[in-house]
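Worth knowing before you read on, the calculation uses all heavy atoms, side chains too, and leaves out hydrogens, waters and symmetry mates. For ligands, and for the atoms within them, numbers begin at 1 and follow the listed sequence.
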Amino acid sequence: MHFDPALLKGLRGARQVAILTGAGISAESGIPTFRDKLTGLWERYDPSELATPSAFERDSALVWGWYEWRRMMVLRAQPNAAHRAIATLSELVPQLTLVTQNVDDLHERAGSRGVLHLHGELARAYCETCRNVYRLPDGVPELPAAGKRIQPPQCASCGGRVRPGVVWFGEGLPELAWHAAVTVSCGCDAFIVVGTSAVVQPAASLVHKAAAAGALTIQVNPDITGIEDSVSFSLRGSAGDILPALVLQTWRSRTV
Ligand code: NAD
Ligand code: ZN
C-alpha cells in the first residue's frame with residue numbers, strides 16, 4: 001500500500017494525534033454498522049427507530065432485547081487489525097487520544113486506554129429514576145434470537161426501570177467526554193477519522209473543528225462520505241487494511 005509522502009511526513013511530525021472511530025472500524029469484527037442490513041428478524045427494524053427514548057417508552061422489552069442481542073454479539077466478537085493498530089500507535093506517538101462513537105468495547109480489548117465514548121457503552125446500563133449505574137455481566141454465551149423481547153431489569157436500589165447505557169437519537173452526549181473530545185480536536189496536530197458515515201452530529205463536527213484549528217486531517221473509509229473536500233487526505237479502503245499499513249509506514253522502525 002502506497003501513501004502520499006506528504007501524509008507520512010505530516011503524521012511523523014505530529015505530537016498530538018486524535019482519532020475518531022465509528023461503527024465501520026468494528027465491521028471487520030462482524031459487528032454490523034447501522035448502514036448494513038441487520039441480520040435475522042432484526043432486518044424488519046430500523047435502528048433509528050429502536051435507538052430512541054420514545055421507542056423505549058413504547059416497547060421497552062423490544063428495545064432491551066435489541067441491545068442484549070447487540071451486547072452478546074460484541075461479547076462473541078474479537079478486536080481486529082484496525083483496533084490493534086490504534087492500540088500500538090498509542091505507544092508510538094507522544095500523545096494519542098481515542099474518541100469513539102462506538103458502544104462496543106473492542107478498542108479496550110485491543111489494549112487502548114482512556115477511550116472517550118461519545119455514545120455510551122453497551123456493557124453499562126443505568127436506572128431511569130435514580131441514575132444508579134450497572135455494569136452488565138460478561139459471561140453470557142448465547143445470542144438471543146433476533147426480534148426477541150426481553151424485559152429490562154429493575155433497579156436494585158429503587159425498583160425503577162433500568163435502561164441501556166447508550167446515547168439515543170435526540171439525547172445529549174456525556175458532557176465530560178464531549179468536552180474532552182472538543183479540546184483534543186482543537187489542539188491536535190493530526191486528526192484521523194475512521195469508519196464513520198460522518199452524519200451523526202455533533203460527533204461529526206469534530207473533524208471540522210480539527211481542520212479549522214490547522215490539523216492534518218485524514219479519513220479512512222471504503223466509501224464516499226461527503227467530507228472528502230474537508231479533509232487533507234481521504235484514504236479509500238477498509239480500516240483493517242489501511243490502519244496497520246499506515247502505522248507501519250509512518251513509524252517504519254517499529255513493527256505493528
Ligand atoms: P454508520 O453505521 O452510520 O456508518 C458506518 C461507516 O463505516 C460507513 O461510512 C461505512 O462506509 C464505513 N465502513 C464500513 N466498513 C468499513 C471498514 N471495514 N473500514 C472502515 N470503514 C468502514 O456508523 P457511525 O458513523 O458510527 O454512526 C452511527 C451510530 O451507530 C453511532 O452513534 C454508533 O454509536 C452506532 N453504532 C455503533 C456500533 C458499534 O459500537 N460497533 C455499531 C453500529 C452502530
Ligand atoms: Zn434506581
Side-chain angles (χ1 to χ4, degrees), residues 19-39 42 46-48 50-52 66-67 69-71 73-83 85-86 99-109 115-134 152-171 173-174 177 192-207 218-228 234-246:
I19 303 185
L20 170 66
T21 64
I25 197 169
S26 297
E28 289 162 88
S29 294
I31 311 292
T33 71
F34 278 181
R35 309 191 134 219
D36 293 328
K37 268 209 142 248
L38 294 174
T39 53
W42 290 114
D46 176 354
S48 64
L50 285 168
T52 66
W66 184 55
Y67 278 96
W69 179 81
R70 292 179 64 194
R71 195 168 71 82
M73 189 164 236
V74 167
L75 280 173
R76 294 151 65 103
Q78 295 301 326
N80 63 52
H83 297 106
I86 292 176
V99 183
T100 189
Q101 301 186 115
N102 291 348
V103 291
D104 65 49
D105 63 352
L106 296 179
H107 282 305
E108 284 87 349
R109 280 161 55 198
V115 184
L116 299 172
H117 280 272
L118 296 182
H119 293 164
E121 293 172 68
L122 288 172
R124 287 175 195 274
Y126 64 90
C127 171
E128 285 184 310
T129 311
C130 74
R131 307 261 146 182
N132 213 4
V133 175
Y134 293 90
Q154 280 190 325
C155 174
S157 41
C158 81
R161 187 169 59 180
V162 170
R163 59 157 280 176
V166 301
V167 177
W168 281 329
F169 291 108
E171 293 185 318
L173 269 52
I192 310 176
V193 52
V194 185
T196 160
S197 52
V199 291
V200 181
Q201 290 294 1
S205 69
L206 292 174
V207 64
I218 300 151
Q219 168 175 251
V220 179
N221 199 303
D223 289 333
I224 297 281
T225 62
I227 62 163
E228 286 67 26
S234 207
L235 307 177
R236 293 283 296 282
S238 84
D241 285 340
I242 292 187
L243 284 181
L246 190 63

Within this structure, what is the [atom1]-[atom2] distance for the pair [X] and [Y], rounded to the nearest 0.5 Å?
X	Y	atom1	atom2	result
Leu116	Thr21	CG	OG1	10.5 Å
His83	Gln78	NE2	CD	11.0 Å
Thr196	Leu206	OG1	CG	10.0 Å
Ile192	Leu20	CD1	CG	11.0 Å
Asn80	Ile25	CG	CD1	6.5 Å

- Will you find, in the side chains of Arg163 and Tyr126, an N or O donor that is under 3.5 Å from an N or O acceptor?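 Side chains of Arg163 and Tyr126: pair found under 3.5 Å.
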
*Apply the test side-chain contact (heavy atoms from CB on, under 4.5 Å) to residues His119 and Leu173: give CA-CA distance (whole Å), side-chain angles for both, the deciding distance (0.1 Å), then the verdict.*
CA-CA 7 Å; His119 293 164; Leu173 269 52; 4.3 Å; yes

Hey, are the side chains of Arg71 and Pro164 touching, using non-hydrogen atoms and a 4.5 Å cut-off?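 Side chain of Arg71 against side chain of Pro164, heavy atoms only: no contact under 4.5 Å found.
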
Element-labelled atoms of ligand 1 that are located less than 4.0 Å from some non-hydrogen atom of [X]:
X	answer
Ser26	41 (N)
Val103	39 (C), 40 (O)
Thr33	2 (O), 5 (C), 43 (C)
Gly22	26 (O)

Between the candidates [options], which shows the shortest non-hydrogen contact distance to [atom]?
atom	options	result
atom 43 (C) of ligand 1	Gly195, Ser48, Ala82, Pro32	Pro32
atom 14 (C) of ligand 1	Ala239, Ala51, Gly24	Gly24
atom 22 (C) of ligand 1	Pro222, Ala27, Ser238	Pro222
atom 8 (C) of ligand 1	Leu20, Asn221, Val194, Asp223	Asn221
atom 25 (O) of ligand 1	Leu118, Thr196, Asn80	Thr196
atom 38 (C) of ligand 1	Glu28, Gln101, Arg70	Arg70

Taking [atom] as the reference point, the nearest protein heavy atom with its distance:
atom	result
atom 39 (C) of ligand 1	Asp104 OD2, 3.5 Å
atom 27 (O) of ligand 1	Val200 CG2, 3.6 Å
atom 3 (O) of ligand 1	Ser197 OG, 2.7 Å
atom 26 (O) of ligand 1	Ala23 N, 2.8 Å
atom 2 (O) of ligand 1	Phe34 N, 2.9 Å

One residue to check: His119. Relative to ligand 1, which of side chain, backbone, both or neither has a non-hydrogen atom less than 4.0 Å away?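 It is the side chain that gets close, since no backbone atom is under 4.0 Å.
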
- What part of Pro47 sits under 4.0 Å from ligand 1 if we count only heavy atoms: the side chain, the backbone, both or neither?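 Neither part.
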
Open item on the list: Nearest 10°: the angle subtended at the Zn ion (ligand 2) by Cys155 SG and Cys127 SG?
Closed with: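 About 110° at the Zn ion (ligand 2).
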
Compute the angle centred on the Zn ion (ligand 2) spanning SG of Cys158 and SG of Cys130, and express it rounded to 10 degrees.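 With the Zn ion (ligand 2) as the vertex, SG (Cys158) and SG (Cys130) sit 120° apart.
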
Quick one: does any side-chain atom of Ser238 pair with a main-chain N or O of Asp241 as donor and acceptor, under 3.5 Å?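 Checking the backbone N and O of Asp241 against the side chain of Ser238, a donor-acceptor pair under 3.5 Å is found.
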
### Message
Any heavy atom of Gly240 closer to ligand 1 than 4.0 angstrom?
### Response
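Gly240: no contact with ligand 1 (<4.0 Å).
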
| message | Tell me whether ligand 1 is touched by Ile31 - counting only heavy atoms on the residue side and a distance under 4.0 Å. | response |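 Yes, Ile31 has a heavy atom closer than 4.0 Å to ligand 1.
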
Test salt bridge (Lys or Arg N to Asp or Glu O under 4.0 Å) applied to Glu28 - qualifying residues, sequence neighbours left out:
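Partners of Glu28 under the salt bridge (Lys or Arg N to Asp or Glu O under 4.0 Å) test: none.
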
Can you give me the closest heavy-atom contact between Pro47 and Phe169, atom names plus distance?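 Heavy atoms only, the tightest pair is O-CE1, 4.2 Å.
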
**Q.** Test applied, side-chain hydrogen bond (donor to acceptor under 3.5 Å, both in side chains); reference residue, His117; option that passes from His107, Glu108, Gln101
**A.**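 That would be Glu108; it is the only one of His107, Glu108, Gln101 passing the side-chain hydrogen bond (donor to acceptor under 3.5 Å, both in side chains) with His117.
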
side-chain contact (heavy atoms from CB on, under 4.5 Å) between Leu106 and Ile31: does it pass, once the steps are laid out? CA-CA 10 Å; Leu106 296 179; Ile31 311 292; 4.2 Å; yes

Check: Val220 N/O within less than 3.5 Å of ligand 1 N/O:
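No, Val220 has no N/O under 3.5 Å of an N/O on ligand 1.
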
